[in-house]
Amino acid sequence: MSEYNHNSIEQKWQKYWSENKTYKATEDTTKKKFYALDMFPYPSGAGLHVGHPLGYIASDIMARYKKNKGFNVLHPSGYDSFGLPAEQYAIQTGQHPAITTDANIKRYRQQLDKIGFAFDWEREVRTSNPDYYKWTQWIFKQIFQSWYNNDTDKAEAIDELIATFAKEGNANVNAACEETPVFTAEEWNNWDEKTQRQTLMNYRLTYLADSWVNWCPELGTVLANDEIKDGVSERGGHPVEQKLMRQWSMRITAYAERLLQGLDKVDFSDSLKEQQRNWIGKSKGASVFFDVAGFDDKIEVFTTRPDTIFGVTFMVLAPEHDLVAKITTDEYKAKVAAYKKTAAAKTERDRQADVKNITGEFTGAYAIHPFSGEKVQIWIGDYVLATYGTGAVMAVPAGDQRDWDFANHFNIPIPNIFEGADISEGAYTEKGAKLMNSDFLNGLTAKKGMSLATYEIEKRGLGKGKTNYRLREAIFSRQRYWGEPFPVYYKNDIPYVLEDNQLPVTLPEVDAYLPTEDGEPPLARAKKEAWNVFEGDRMEYNTMPGWAGSSWYFLRYMDPKNEKEFVNKEKADYWNQVDLYIGGSEHATGHLLYSRFWTKFLCDRGFINFDEPFKKLINQGMILGRSSLINKISIQFSGLTKLDGKDEGATNLHIPNLLISKRKLEVITNHIKILKKEKNINNELKNEFLKIKGEMIFLRAKVAKVSNLKTPTDELDIEADILDLQTSSLHIDINCVENDILNIEKAIKDPMFSFLKGSHIIKEENGDFICGHEVEKMSKSKYNVQTPDDLCDQYGADSLRCYEMFLGPLEQAKPWDTQGISGVHNFLKKLWRLFPEDNQFDEGAPTKDALKTLHKTIKKVTEDIERYSFNTVISTCMIAVNELGAQKCKNKQILSDLAVIISPFAPHITEELWERLGNTESITKATWPAFNEKHLIESNFSYPVSFNGKMRFMLELPIDMGKDDIEKALFAHEKTAGYLDGKDPKKVIVVPKRIINVVV
RNA sequence: GCUCGAGUGGUGGAAUUGGUAGACACGCAAGACUUAAAAUCUUGUGUCCUUUGGGACGUGCGGGUUCAAGUCCCGCCUCGAGUACCA
């Protein structure tokens, strides 16, 4: 036993764990369970950088800690292995995405294994594996065969609904569904199958319908709202446009209220809950019907301010609104049609960029104000969205800024309906003012006005109070190859689901991963024989979206090999909710909402007994890269004629490719600043500057091949000759830089940085070239990517694990700084040295000091782990190791407990030390040491003594001393008189075991 | 624009309930060991003033509450994240 050799130790124990199945989880109902889960990784081709494992390390620590605490721990991992990148690669190269995916998973697994995670790999799942997606298809089928009963507020079997229809029609059915005309039992029973099935589509929780979708031509597929960022596709950044397409959708809106309410039951961060609340976007108001003059049709609008209804001066419909074509008068037809066309051609991004540009057209038609009976103009405008509410608004320019802008732009009157409000410059959007010009609402403020208005609207049959959600149905079809096939076939254009025993429908082979010439999805290319199941006229050609497999994977880990069910219910009852879920906040509105939705559905239908998947969720912060930059300047001087005695005229000094070390650049910029501002020259700075300038002149002389220069700086007039200074910087590979010092020889070998050869370089006096730095996202193009592999080789997985935790709070974004890893590496080395080389531990009773160190460490580490404050745990352990080192503690009992405490963070080294302590079982089976307060009890307390709140000196007193005695001791102290300065103390505050404060 | 976070040494950060601001670590400086380097160890390290003793200032800025404020309250500034015609 000599030096701490992390490589051999880590290999040894990784092998041991895998051979002994140390992390295998079994259902042991005698123990309390703990389920720790990381967000499903997508195995990308780029592999892991140091930012990725951060969350895995945290959940791993928690899993190991809970195991030591006696819990039965489930800590699995797997791959969300369907997805766009592998398919895009397949399109480019013709290689089957399964092959790429497999290769990526292998690399991913190698990287993960190096870090020493306590995953039970026997439970691995892959969404692209037919054994897995069989059950994704099966769940789809359950959703298809369900409807949402608003009366019981849950999903129920569609068979029950069919029975109801056959018995009494749909009059008494209160469902979350499409607008469906009332029919009787008799009508239902007389309908043919197609009509019946079409009607059922209105009720099913997943249904086929024409809907406005985000179509991305570049990717050749539809995207969900959460897959679009800033109007372009999240993957690839391609434009997106609106298109009406026949698509599978999930009726997630049925669950809007429960998804909202459920947030109160889970422990997510406030910001994440807020994001979900915004996404669901609940708003209360009223729906009101406006008659259209000259037509039988009514326009339904949704408003959150029914109290402002007397301020309505016009209406605006979305360009896509059904009624537009019908009601537009001949006079305006051409203009309206043209407007509709341009609106439709706009991409989502154009539309967003155009917010300030007010556009619209008058239809020539009028609506009748339901209260006043007045005629109001009907316009169309693309600020009204077809997909929200009813696609129509009642415009109240006095009370809504967008309506005000629109009215102002098109010269529509803006009558005021608020007492004392100034609406000449903009709408009055607050709720404090009393209403006027509003008939029966006059004199009321918003709150009372809204309820009275709603009451009147309902009483007069003009509409009703309503709650609206921003959340839209989730489009579930993707026109791509690399995803789950639907368990669906078509007969006479009616979709049917397959029988359970026909599942899974596996992905058929195709000749290319592209759409067909008719624009059908890639699966349409598959020959009939290529399908493992083929029914009816054709199979469904769409595939499921990326979130299908990831919406329920946490359930499959509980029972990954079950061939009869997606999960055994007893196992699901035991493992239950995920106790700790860690992942990035980018999934706030996608994955997290969908998996909550599916969990609620599966619970409704009785397959599981809980309706929230994740009890506690932590978003790990991003690890940012620290880029190294080479400063490049372009500097111009004039007045160099004195340089070598020859008259060169007013020549400018300009040197191309001038690279300058950081400190030298600072000298120049400081000097210029001072010259500009203060005029009085700082001599020291000036001399430094002159030197640099001399260097530059020398370099220029080299360029100009003027060689007869000696010490040019002596002759220079420095004060007035700077014409221009421009600085820029170039990214340089962080592997060529150490402690901000550039290794030029190393960098020059990289073809990317060969420009260094032809550059002029100004170094520091000692010959170093110091780089600048910036903290930004890790990316290849910035040459700042750190892979965990290199660090594992150099410092070991234990160092990497500890360092990632030591960096700062888990949830906070923080810059990666490789220099710092030596600190935790030193800590592990010190820990190693604490254990005697000959393994001759002190078997006797531990010293008081050692016990004190140990127990205060147990206390703090336990508390900190429980509140996920892992960075402070590392600090605490460092202190413990430092103290025990100073005490020269070799006590077996102390060191054993210490090893256990550190083991969740640094599992390899502690396994080795544990073995050296004479244990034959893995340290993962050890018991977490118990805290005993008696070791921390002190007889004295060292009081900080403050005068007027300023700490002056320490005073050590017995811990049980009373306030009066403390005061006596205080005034007896020699220093007290000095601080009193002859005055009487006004007040003395004594907080036992905390502080003494004297007010003078 | 709105919503939610966050601003503490040269750097990452600590201070859990209002009670010694800067723990722990990096970096830097000096020293020991060494032919030398590495490794290791010791000491110092918020800023300014001071011969020592010590003093003044100090948690983005300005106020306030309190014996006592990084922490609580009011107003502002800056940065980050999310979101955006949602009627």
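Reminder, nothing fancy here: chain letters follow the sequence lines and each chain counts from 1. Only this structure's heavy atoms are used, side chains among them; waters, hydrogens and symmetry mates stay out.
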(request) Among the candidates B:A14, B:A25, B:G54, find the nucleotide nearest to the side-chain atoms of A:Tyr979. (result) B:G54
(request) Mark yes or no for whether A:Lys987, through its side chain, and A:Val999, through its backbone, hold a donor-acceptor pair below 3.5 Å. (result) no
(message) What verdict does the ring pair (Phe, Tyr, Trp, His ring centres under 6.0 Å) test give for A:Trp404 and A:Tyr428, after you've listed the backbone C-alpha separation in whole Å, the side-chain angles of each residue and the deciding distance to 0.1 Å?
(response) CA-CA 9 Å; A:Trp404 190 94; A:Tyr428 175 82; over 10 Å; no
(message) Checking understanding here: a glycosidic angle within 90° of 0 is syn, the rest anti, so what is B:G22?
(response) anti
Can you name the atoms? Protein N/O to nucleotides 26-29 of chain B N/O, anything below 3.5 Å, with the distance.
none

(message) If the threshold is 4.0 Å, N to carboxylate O, is there a salt bridge linking A:Lys860 and A:Glu863?
(response) no
(request) Please work out which of the three classes, parallel, tilted or perpendicular, describes the rings of A:Phe870 and A:Tyr868, given edges at 30° and 60°. (result) perpendicular
(message) Tell me which nucleotide, if any, is Watson-Crick or G-U wobble paired with B:G10 when both distances must be under 3.5 Å.
(response) B:C26
(request) Name the closest nucleotide to the A:Leu807 side chain, picking from B:A23, B:G12, B:C41. (result) B:G12
(message) Does the structure show a Watson-Crick or G-U wobble partner for B:U17, both distances under 3.5 Å? Name it, or say none.
(response) none
(request) Taking only the side-chain nitrogens and oxygens of A:Ser283, find out if one of them lies under 4.0 Å from OP1 or OP2 of B:A87. (result) yes
(request) May I ask you to say what A:Lys829 touches in the nucleic acid, namely base, sugar-phosphate or nothing, with a heavy-atom cut-off under 4.0 Å? (result) sugar-phosphate
(message) I want to verify a distance call: between B:C67, B:C86, B:C24, whose nearest atom is closest to the A:Asn882 side chain?
(response) B:C24
(request) Please determine, for the side chain of A:Asn997, which listed nucleotide (B:C24, B:C86, B:C67) has the closest atom? (result) B:C67
(request) Have a look at A:Ile879 and say if it touches a base, only the backbone sugar-phosphate, or nothing, with a 4.0 Å heavy-atom cut-off. (result) sugar-phosphate
(message) Any N or O donor-acceptor pair under 3.5 Å from the base of B:U20 to the side chain of A:Lys950?
(response) no
(request) Give me the ring orientation class for A:Tyr4 and A:His825: parallel if the planes are under 30° apart, tilted from 30 to 60°, perpendicular past 60°. (result) tilted
(request) Drop me the distance from A:Leu471's CG to A:Thr589's OG1, to the nearest 0.5 angstrom. (result) 10.0 Å
(request) Assign A:Arg833 to base, sugar-phosphate, or nothing according to its heavy-atom contacts below 4.0 angstrom with the strands shown. (result) sugar-phosphate
(message) Has A:Lys282 got a side-chain atom pairing as donor or acceptor with A:Ile280's backbone, closer than 3.5 angstrom?
(response) no
(request) Look at all strands and tell whether A:Asn278 reaches a base, only sugar-phosphate, or nothing, counting heavy atoms closer than 4.0 Å. (result) nothing
(message) Within the 4.0 Å heavy-atom criterion, would you say A:Gln812 contacts the bases, only the backbone, or no part of the nucleic acid?
(response) sugar-phosphate
(request) Quick one: look up who B:U35 pairs with, Watson-Crick or G-U, both distances under 3.5 Å, and put none if it's unpaired. (result) none
(message) Checking contacts here: which listed nucleotide (B:A25, B:G13, B:C86) is nearest the side-chain heavy atoms of A:Pro809?
(response) B:G13
(request) From the options B:A87, B:A14, B:A56, select the nucleotide whose nearest atom is closest to the side chain of A:Arg952. (result) B:A56
(message) Closest approach to the side chain of A:Ser271, judged atom by atom: which nucleotide of B:A87, B:C4, B:U40 is it?
(response) B:C4
(message) Categorize A:Val991 for me: base, sugar-phosphate, or nothing, with a 4.0 angstrom heavy-atom threshold over every strand shown.
(response) base
(message) Over all strands shown, is A:Lys860 touching base, sugar-phosphate only, or nothing at heavy-atom distances under 4.0 angstrom?
(response) base
(request) May I have the distance from A:Gln275 (atom CD) to B:G5 (atom C1'), rounded to whole angstrom? (result) 11 Å
